[in-house]
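Count residues from 1 along the sequence.
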Amino acid sequence: MSESRKPSHDAFAVAGAGRNSTWTRIGAAWPNDDGKGFNIVIVPGLAVSGKIVLREPKPQADQEPD
């Protein structure tokens, strides 16, 4: 299954808009084997509503601590 590989994207819940938005990392995504979609895994027990954004992960040195 794809989830055994490193994810191609991080999943974030985004509240607000523009500079006033808050981004919370909620999971990760892996491309489907056919290249036509993604499998998204959300942190267990997390209730999410609103907008979800998928982004390519930043290199480790560029990431801010959680």
Side-chain angles (χ1 to χ4, degrees):
M1 182 171 281
S2 296
E3 285 79 45
S4 63
R5 298 187 312 249
K6 184 176 178 181
S8 64
H9 292 76
D10 291 326
F12 296 88
V14 180
R19 293 194 178 267
N20 295 324
S21 63
T22 302
W23 290 55
T24 304
R25 187 174 183 281
I26 59 168
W30 290 258
N32 293 129
D33 290 337
D34 66 4
K36 294 184 179 183
F38 290 88
N39 292 330
I40 301 172
V41 177
I42 304 297
V43 174
L46 184 67
V48 177
S49 64
K51 182 167 124 179
I52 296 176
V53 176
L54 297 178
R55 302 281 299 173
E56 292 181 356
K58 294 180 181 179
Q60 287 288 44
D62 294 344
Q63 290 185 357
E64 297 179 18
D66 288 334

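V53 and L46 fall into different hydrophobic clusters, defined by Ile, Leu, Val, Met, Phe, Trp and Tyr side-chain heavy atoms under 4.5 Å apart, directly or through other members. A single hydrophobic cluster is not seen to contain both I40 and F12; linkage of ILVMFWY side chains at heavy-atom distances under 4.5 Å, directly or through other members, places them apart. Hydrophobic clustering places L54 together with V43 (ILVMFWY residues linked when any side-chain heavy atoms are closer than 4.5 Å, directly or through intermediates). In the hydrophobic clustering of ILVMFWY residues, with side-chain heavy atoms under 4.5 Å counting as a link, I52 and V14 come out apart.
In terms of modelled atom types and a separation under 3.5 Å, the side chain of N39 and the main chain of W30 share no donor-acceptor contact. Under a 3.5 Å cut-off, the side chain of D34 and the backbone N or O of K36 do form a donor-acceptor pair.
Across all their heavy atoms, H9 and P57 have their closest contact at CA-CD, 3.8 Å. Nearest heavy atom pair, residue S8 against residue F38, reads OG-CE2, 3.6 Å.
The pair R55-D10 does not count as a salt bridge, with every side-chain nitrogen at least 4.0 angstrom from each carboxylate oxygen.
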